[in-house]
Amino acid sequence: MSVTICIPSYNRADLVEETLDSIVEQTRTDWEAIVVDDGSTDGSVELIAAYARRDPRIKLRQRDREPRGACSCRNIAVEHAAGRYVMFLDTDDLLAPFCLEQRVRVVDHEPLTDFAVFPMYVFKGKPGGERRLWNIETEDDVLVRLLRMDPICQGTGTLWRRDSFIQLGLWDEELLIWQDIELHLRAFAGQFAFTTHFDLAPDVFLRESEESLSRGQYYSRPKLNSRSIVAKRAVDILRAAGRDDLIAEVRYLCSSVALGAAASGNLDLAREMRIWGKSEGILTAMEALRLRLTELSRASRLDRLPVFRSIRDRAARVFAIDNTVGRIEA
C-alpha cells in the first residue's frame, strides 16, 4: 500500500460524495482512504458506508475516544494506516486525478525526505477555474512565512512518510484552530527533511467556503484560546531549535490573537497577550502601546466614532502582512 488518505468527517452529506469520487478516480490505484466520522447527524455516515461497501479501499471508522475534532480523527486514521505515506484531506476538498501518482512518484525518488510540499488551487465555483494558487514559493525562510501567517503549505499540501509523521508527534488534538501552523512549526524547526515542488501542476482543490469548520465562530473564546496556545508554543519551539533570532517574528501571531480578542470583547485575553508579548521581547514598547490603544478603544466603545476608529485601524495596520495565499497563477 503506497498511500493512506486520512479524512476527518463531520456533517458533510452535501459534499462528501464529490470528495470520495475524486479519490476513486485516481490514476494511481494502490491507496486506501480512512474516513473517521466525528459524530455526524446529517446522513453523511450512510453515504460514506455505501462507498465503502462498493470499494474496500474506502474504510469508515467512528471516532472512539476524546477529544472530538478533526485532529483526533486525523490521528486515528494515521494510527490505523497501512500506507507507507500519509496525506490529509477534508471532506469539502477534491483531488486532481493525478494527485497520488504525482506525489508518490516524487517522494519515492527522495529517500531522505520526510515530507514533500505540493501546489494546490483554491476555488469557490469550478475547481481550478479561477487558477488561484493556495500559495507560491518565495525566497523567504519557510519559518518566517509561517510565523507571519503566510505558510508555504497546510495539511493537505504535503505527503508524509508515515513513520516520519509519527515521529513528529502527530496533530495536537487539543487545538481547535491554527493546528496547521503548530504542526509545521514543529516540522520546519525540527530535524525533518522536506522538499518543495511548486514547478508541478496543482493537484488538490481547496474549497473556499464560509461554512468550513475552521472558520465557524472564528472569534469564539475557545478558538482564541487555541490561537494563544499556538503563539506561546511558537516561542518554545523556536528556542528549543536554537532559533532565538526568529522570536520577534511571533509578533504577528501575538498581535492577531490580541486584536481578535479585543474585537470580540475578550479584553482580558487581549491584555494577557499584550503583556506576554512585551515580556517575552516579542513586542516593542510602541507595538504594545498600539495594542493597548486598540483595547481602550474597544472597551470604551469610542471606536464607534470615526476619529477613534481611524486610530484603532492605524494601530492594527502596523501588524498587517503581505499574504500570498490565493494569488492568481502566472
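Panel note: side chain E137, backbone T196; no donor-acceptor pair is recorded below 3.5 Å. Here the side chain of N75 pairs a donor or acceptor atom with the backbone of W171 at under 3.5 angstrom. With hydrogens and angles disregarded, a donor-acceptor distance shorter than 3.5 Å links the side chain of Q26 to the backbone of A96. At least one donor-acceptor pair closer than 3.5 Å links the side chain of Q154 to the backbone N or O of G157. Distance alone, capped at 3.5 Å, is enough to place a donor-acceptor pair between the S228 side chain and the N225 backbone.
I34 is not listed as a side-chain neighbour of C6, based on a closest heavy-atom distance of 4.5 Å or more. For the pair R221/D268, a side-chain contact is recorded, criterion being any heavy-atom separation below 4.5 Å from C-beta on. Between V106 and L159 there is no side-chain heavy-atom pair separated by less than 4.5 Å. With a 4.5 Å cut-off on side-chain heavy atoms, T19 and D93 do not count as touching. Under the 4.5 Å side-chain criterion, counting only non-hydrogen atoms from C-beta, W134 is not in contact with T156. Side-chain contact between R227 and L253 is absent, with no heavy-atom pair separated by less than 4.5 Å. The shortest side-chain heavy-atom distance between V36 and P8 does not fall under the 4.5 Å cut-off. Counting heavy atoms from C-beta outward, H80 and T4 have side chains that stay 4.5 Å or more apart.
There is no path of hydrophobic side-chain contacts, each under 4.5 Å, that joins L89 to F123. Side-chain heavy atoms closer than 4.5 Å link hydrophobic residues (I, L, V, M, F, W, Y) into clusters, and following such links, even through other members, never connects V325 to I152. Following chains of ILVMFWY side-chain contacts shorter than 4.5 Å, one cannot reach L168 starting from V107, and the two form parts of different hydrophobic clusters. Following chains of ILVMFWY side-chain contacts shorter than 4.5 Å, one can reach L200 starting from M87, so the two form part of one hydrophobic cluster. Connection of W178 to W276 is established within a shared hydrophobic cluster, with ILVMFWY side chains joined at heavy-atom distances below 4.5 Å, either directly or through further cluster members.
Annotation: R162, atom CZ; neighbour count of heavy atoms from other residues, nucleotides and ligands within 6.0 Å is above 12. Counted within 6.0 Å of CD on Q191, heavy atoms from surrounding residues, nucleotides or ligands total 12 or fewer; the atom is thus considered open.
Atom-to-atom distance recorded for S300:OG and E295:CD is 11.5 Å, nearest 0.5 angstrom. How far CG of L269 is from OG of S264: 8.0 Å, rounded to the nearest 0.5 Å. One finds the CD1 atom of I237 at 5.0 Å from the CG atom of L185 (value rounded to the nearest 0.5 Å). A distance of 4.5 Å separates CD1 of I5 from CG of L100, quoted to the nearest 0.5 Å. Between the CD atom in E174 and the OG atom in S72 there is a gap of 7.5 Å [rounded to 0.5 Å]. Atom-to-atom distance recorded for R271:CZ and L291:CG is 13.5 Å, nearest 0.5 angstrom.
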| message | Between D203 and F98, does the side-chain contact (heavy atoms from CB on, under 4.5 Å) criterion hold? Intermediate values first, please. | response | CA-CA 7 Å; D203 58 15; F98 58 86; 3.7 Å; yes
| field | Steps toward side-chain contact (heavy atoms from CB on, under 4.5 Å) verdict (Y51, I23) | value | CA-CA 11 Å; Y51 273 80; I23 298 172; over 6 Å; no
| query | What's the verdict on side-chain contact (heavy atoms from CB on, under 4.5 Å) for M149 and S256, showing C-alpha distance, side-chain angles and the deciding distance? | reply | CA-CA 10 Å; M149 293 178 286; S256 176; 3.7 Å; yes
| request: Please assess D150 against D140 for the test side-chain contact (heavy atoms from CB on, under 4.5 Å), listing each intermediate value before the final yes or no. | output: CA-CA 10 Å; D150 183 34; D140 295 325; 5.9 Å; no
| task | Test salt bridge (charged side-chain N to carboxylate O under 4.0 Å, His left out) on E18 and R207 and set out the steps. | result | CA-CA 12 Å; E18 189 178 3; R207 193 183 304 269; 3.1 Å; yes
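Residues satisfying the side-chain contact (heavy atoms from CB on, under 4.5 Å) criterion with D55, sequence neighbours excluded, are V24, W31, R57, I58. Take P202 and apply the side-chain contact (heavy atoms from CB on, under 4.5 Å) test, not counting sequence neighbours, and it matches P119, Y121, L133, E329. Legend: residues meeting side-chain contact (heavy atoms from CB on, under 4.5 Å) with A193, ordered by chain and number and at least two apart, are D114.
Look at K232 and E272 and you find a salt bridge, because one of the NZ, NE, NH1 or NH2 atoms lies within 4.0 Å of a carboxylate O, short of that distance. We find that E173 and R63 are not joined by a salt bridge, their nearest charged nitrogen and carboxylate oxygen being 4.0 Å or further apart. Taking the charged nitrogens against the carboxylate oxygens, K59 and E32 do have a contact shorter than 4.0 Å, which makes a salt bridge.
Of the options D172, D90, D180, a salt bridge (Lys or Arg N to Asp or Glu O under 4.0 Å) to R74 is made by D90 and by none of the others. Paired with E280 under the rule salt bridge (Lys or Arg N to Asp or Glu O under 4.0 Å), one option of R251, R239, R274 passes, and it is R239. In summary, of the residues considered (R84, R103, R161), a salt bridge (Lys or Arg N to Asp or Glu O under 4.0 Å) with D108 occurs for R84 alone. Checking each of F194, F88, F115, Y85 against F165 for a ring pair (Phe, Tyr, Trp, His ring centres under 6.0 Å) leaves exactly one that passes, namely F88. Between W160 and the options V86, V78, I166, a side-chain contact (heavy atoms from CB on, under 4.5 Å) holds for only V86.
Of all non-hydrogen atoms in A270 and A262, the two that sit nearest each other are CB-N, 3.8 Å. Of all non-hydrogen atoms in L283 and C254, the two that sit nearest each other are CD1-SG, 4.0 Å. Listed here is the closest heavy atom pair of F188 and C153: CZ-SG, 4.0 Å. Contact record, S40 with Y10: OG-CA, 3.2 Å, taken as the closest heavy-atom pair. Shown here for L95 and S22, the closest heavy-atom pair between the two residues is N-OG, 3.1 Å. Of all non-hydrogen atoms in D30 and S2, the two that sit nearest each other are O-OG, 2.7 Å.
Under the 6.0 Å distance and 45° angle rule, R290 does not count as a cation-pi partner of F319.
With hydrogens and angles left out, the side-chain atoms of T324 and R145 include a donor and acceptor closer than 3.5 Å.
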